[in-house]
Amino acid sequence: MAKVEYEIPETREFPVIPSVMEGAMAHSKPFIAGEEFQTDMGFPSAEKPGMLVDGWKEKFLDLMKDKLGKYRSLQVFMDTCVKCGACTDKCHYFIGTGDPKNMPVARQDLLRKVYRRYFTFAGKYFPWLVGAVDLTKEVIDDMYSYYHQCSECRRCAVFCPFGIDTAEVTMAARDMLAMIGMGQKYSNQIIPKVHKIGNNLGLPEPALVDTLEGLEEEIEEDTGVKVRVPLDEKGAEILLVTPSADFFAEPHIDGLIGYAKVFHATGVTWTLSSKASEAANFGLFIGSYEQMREISLRIRDAAKELGVRRLVFGECGHAWRVAYNHLNTLAGPWDFLDQNYPIPQHILEFTKDALDRNLLTIDKSENDHMTLTFHDSCNIARASRIGDTVGSQFTTPRQVIKAVCNNFHDMAADTIHDATFCCGGGGGLLTDDLMELRIKGAQPRMESLKNVVADHGVTHMAAICAICKSQFTKVLPYYGMTMDQIVSVHQLVSSAIILEGQGEEAADSDEAEEAA
Ligand code: SF4
Ligand code: SF4
């Protein structure tokens, strides 16, 4: 755990709205993309990071005009806010930092003030009356800072009586900032790796082959059963697209082992793809539908080349948000896949169905050393669905956890389901240059976790998002917990599942020993 120079927020028995601390996080901003990272993305670059391209003001306003015309929702969000205040204390970044510009309404206002100045009658002629401001470099710098203190989690939208979605405002702002030379280094560095190599990590095919072979050996050593983790296998029934963190990081990799065991036990054929070895779609984070589309098209190409009939996504929150909402419009039609199954399908839907049909042999006692709780990831809770009934994105993961674990206790009702708190690292903020923000933004989730640990003996929190898992691994120690207290849901499935033939080798050798 790295030493930090700022205070770690306290966790209390009951949530407390923080005192307002003007400018508390004004210094927080991610590294700005330099020329190479802007150029790699096809974005314009200024002379130096932090400077703007020539004609930036006209360009920004042109882009804004274009977006207001294209996205009706953005126009409605700019016009609708009545300053009722319902959203002010709902953002984890405000709760964790006390900075009033982290109130969702204030975050929206950074763009709204400019919108009023240039796109409304009152703002053009009486700007002082309607809080309209000129677009200046200072306003742009403020936007860069505070639109990178929003994880696009949509919690504020749940509480806004008009459903104003700050996430969408943030996405629009980030896209316009990138187009005047203020792209974010972290995302701009990662996206080209997906296009060139196939995944966010830049893990080339030979390394992927090695990793998957290693996993097969590990499963066989553990269970005595040969479970395949296939790559680029033409004619397989299912293409699994999963976050690349599943190939190397803990606890993600244990989740991947879980998917492999479930596929093995149900007898379907499946494959990963070296071309689409990444479910993550950072196009969402930078607000670029063009990038979202390009990244999605790799999956379509891979599915066609491999001749699969079904498409399943692994545990990744924002990847599922993009897939669930946009895969059909951005990369469809998927008429070459089997229409009898959801397109795309979430791995939890697959596993839940297998459990319901008694296709899996489960020994829940394998997880008896743990008492679980579940963290609803924002992108699944508030921006997509798992299952096909209202609210089944909340029930499905809990049903699967309870089917493989004896001990489960939910966190406080106002911190789960659609009121869940973001992990603090979502929306393109999972970078070390934003560590202070990530730690402080995790405070509300850490608070509800610590309470359920103290009151109900919870030992572990399960999650179904790669970013949540990485973020919690990093921030749990700052709140007095350990990094291994975060687990994958399919890690729990993996521990409980008993494969056909599992343990037979060990039993045979015991018998042979006895006979001798
Ligand atoms: S979308 Fe989430 S992070 Fe962004 S302002 Fe709303 S609550 Fe805060
Ligand atoms: S809850 Fe909605 S209408 Fe009320 S201040 Fe927030 S954004 Fe504006």
Under the ring pair (Phe, Tyr, Trp, His ring centres under 6.0 Å) test, residues paired with Y186 that sit two or more places apart:
F282
Check the surroundings of atom CD in Q339: do more than 12 heavy atoms from other residues, nucleotides or ligands lie under 6.0 Å from it?
yes
Could you give the distance from CZ (F472) to SG (C465), rounded to the nearest 0.5 Å?
9.0 Å
Salt bridge (charged side-chain N to carboxylate O under 4.0 Å, His left out) between R228 and E233, worked out:
CA-CA 11 Å; R228 307 245 7 249; E233 218 144 273; 3.0 Å; yes
So, S273 side chain and K275 main chain: donor-acceptor pair closer than 3.5 Å or not?
yes
Quick check with a 6.0 Å cut-off and a 45 degree axis cone: is K304 positioned over the face of F336's six-membered ring?
yes
Neighbour count above 12 (heavy atom, 6.0 Å) for D335 CG:
yes
Mark yes or no for whether T266, through its side chain, and F263, through its backbone, hold a donor-acceptor pair below 3.5 Å.
yes
Side chains of K352 and T396: any donor to acceptor distance under 3.5 Å?
no
Between L231 and E205, does the side chain to side chain contact (heavy atoms under 4.5 Å, CB included) criterion hold? Intermediate values first, please.
CA-CA 9 Å; L231 182 70; E205 192 181 330; 4.3 Å; yes
Is a side-chain N or O of T271 found less than 3.5 angstrom from the main chain of A236, in a donor-acceptor match?
no
Contacts of D210 that satisfy side-chain hydrogen bond (donor to acceptor under 3.5 Å, both in side chains) - sequence neighbours left out
none
Evaluate E278 against S244 for side-chain hydrogen bond (donor to acceptor under 3.5 Å, both in side chains), listing each step before the verdict.
CA-CA 5 Å; E278 181 63 73; S244 54; 2.4 Å; yes
Here the gap from L429 atom CG to I467 atom CD1, rounded to the nearest 0.5 Å, amounts to 9.0 Å
Looking only at heavy atoms, what is the nearest atom pair of E315 and A463, with distance?
OE1-O, 3.3 Å
Do you know the tightest heavy-atom contact between V453 and V458?
CG2-O, 3.4 Å
Give a yes or no answer on whether the side chain of Q38 reaches the backbone of A178 with a donor-acceptor pair at less than 3.5 Å.
yes
K450 (side chain) donor-acceptor with Y479 (main chain) under 3.5 angstrom:
yes
Straight-line distance of W320 CH2 to N325 CG, nearest 0.5 Å:
9.5 Å
Would you check if T242 and C316 make a side-chain contact, meaning some heavy-atom pair closer than 4.5 Å?
no
Return the minimal non-hydrogen interatomic distance between I464 and P397, and the atom names on each side.
CD1-CG, 4.3 Å
Roughly how far, to the nearest 0.5 Å, is the CD1 atom of I343 from the OH atom of Y324?
14.0 Å
Do L215 and I257 pass the side chain to side chain contact (heavy atoms under 4.5 Å, CB included) test, and can you show the C-alpha distance, the side-chain angles, and the key distance before you say yes or no?
CA-CA 7 Å; L215 271 186; I257 292 174; 3.8 Å; yes
Within the side chain of E447, is there an N or O that forms a donor-acceptor pair under 3.5 Å with the backbone of E13?
no
State, with a plain yes or no, whether a side-chain heavy atom of H460 is found less than 4.5 Å away from one of I486.
no
Test item: D376 side-chain N/O and I416 main-chain N/O as donor-acceptor pair under 3.5 Å
no
Ion pair present between E168 and R154, side-chain N to carboxylate O less than 4.0 angstrom?
no
Less than 4.5 Å apart, any side-chain heavy atom of V475 and any of M435?
yes
Minimum-distance pair of heavy atoms, taken over all atoms of N188 and F43:
ND2-CD1, 3.8 Å
How about CZ on F31, more than 12 heavy atoms from neighbouring residues, nucleotides or ligands closer than 6.0 Å, or not?
no
In chain order, what residues pass the side chain to side chain contact (heavy atoms under 4.5 Å, CB included) check against S288, with sequence neighbours excluded?
D175, I286, E290, Q291
Set of side-chain hydrogen bond (donor to acceptor under 3.5 Å, both in side chains) partners for S448, sequence neighbours left out:
R445
To check you understand the geometry: which heavy-atom pair defines the closest contact between A173 and Y147, and what is its length?
CB-CD1, 3.4 Å
Can you confirm if the aromatic rings of H417 and F394 lie within a centre distance of less than 6.0 Å?
yes
Tell me, which pairs form a side chain to side chain donor-acceptor pair (under 3.5 Å) where one or both residues lie in residues 362-372, sequence neighbours left out?
D363-S365, D368-N406
Residues which pass side chain to side chain contact (heavy atoms under 4.5 Å, CB included) with S277, listed by chain and number, not counting sequence neighbours
N199, L208, F247
Is there a donor-acceptor pair under 3.5 Å between the side chain of R300 and the backbone N or O of P333?
yes
In terms of heavy-atom contacts, G96 and P9 come closest through O-CG, 3.8 Å
Side chain to side chain contact (heavy atoms under 4.5 Å, CB included) partners for C153, two or more places apart
H92, S151, R155, C378, R382, C422
For F421 together with H375, are the ring centres under 6.0 Å from each other?
no
Using only atom types and a distance under 3.5 Å, with no angle test, would you say the side chain of T329 pairs donor to acceptor with the backbone of H326?
yes
Can H252 and S470 be counted as having a side-chain donor-acceptor contact under 3.5 angstrom?
yes
Taking only residues at least two apart or on different chains, which pairs with a member in residues 407-425 satisfy salt bridge (charged side-chain N to carboxylate O under 4.0 Å, His left out)?
R398-D410
Looking at residues at least two apart in the chain, or sitting in another chain, which of them share a side-chain hydrogen bond (donor to acceptor under 3.5 Å, both in side chains) with S274?
D232
Pair V308, I238 - check side chain to side chain contact (heavy atoms under 4.5 Å, CB included), show working.
CA-CA 6 Å; V308 296; I238 291 174; over 6 Å; no
Going through the distances and angles, do S377 and T420 end up as a side chain to side chain contact (heavy atoms under 4.5 Å, CB included)?
CA-CA 7 Å; S377 303; T420 188; over 6 Å; no
Check whether the side chains of R174 and Q184 place a donor and an acceptor atom closer than 3.5 Å, and report yes or no.
no
Residues in side chain to side chain contact (heavy atoms under 4.5 Å, CB included) with V227, at least two apart?
I219, V225, A260, H264, L499
Any residue meeting side-chain hydrogen bond (donor to acceptor under 3.5 Å, both in side chains) with Q345, in chain and number order, not counting sequence neighbours:
R310
Ignoring hydrogens and geometry, is there a side-chain-to-backbone donor-acceptor pair from R298 to G198 under 3.5 Å?
yes
Of all residues at least two apart in sequence or in a different chain, which pass the ring pair (Phe, Tyr, Trp, His ring centres under 6.0 Å) check with Y71?
Y289
Under 4.5 Å between any side-chain heavy atoms of V312 and V241, yes or no?
no
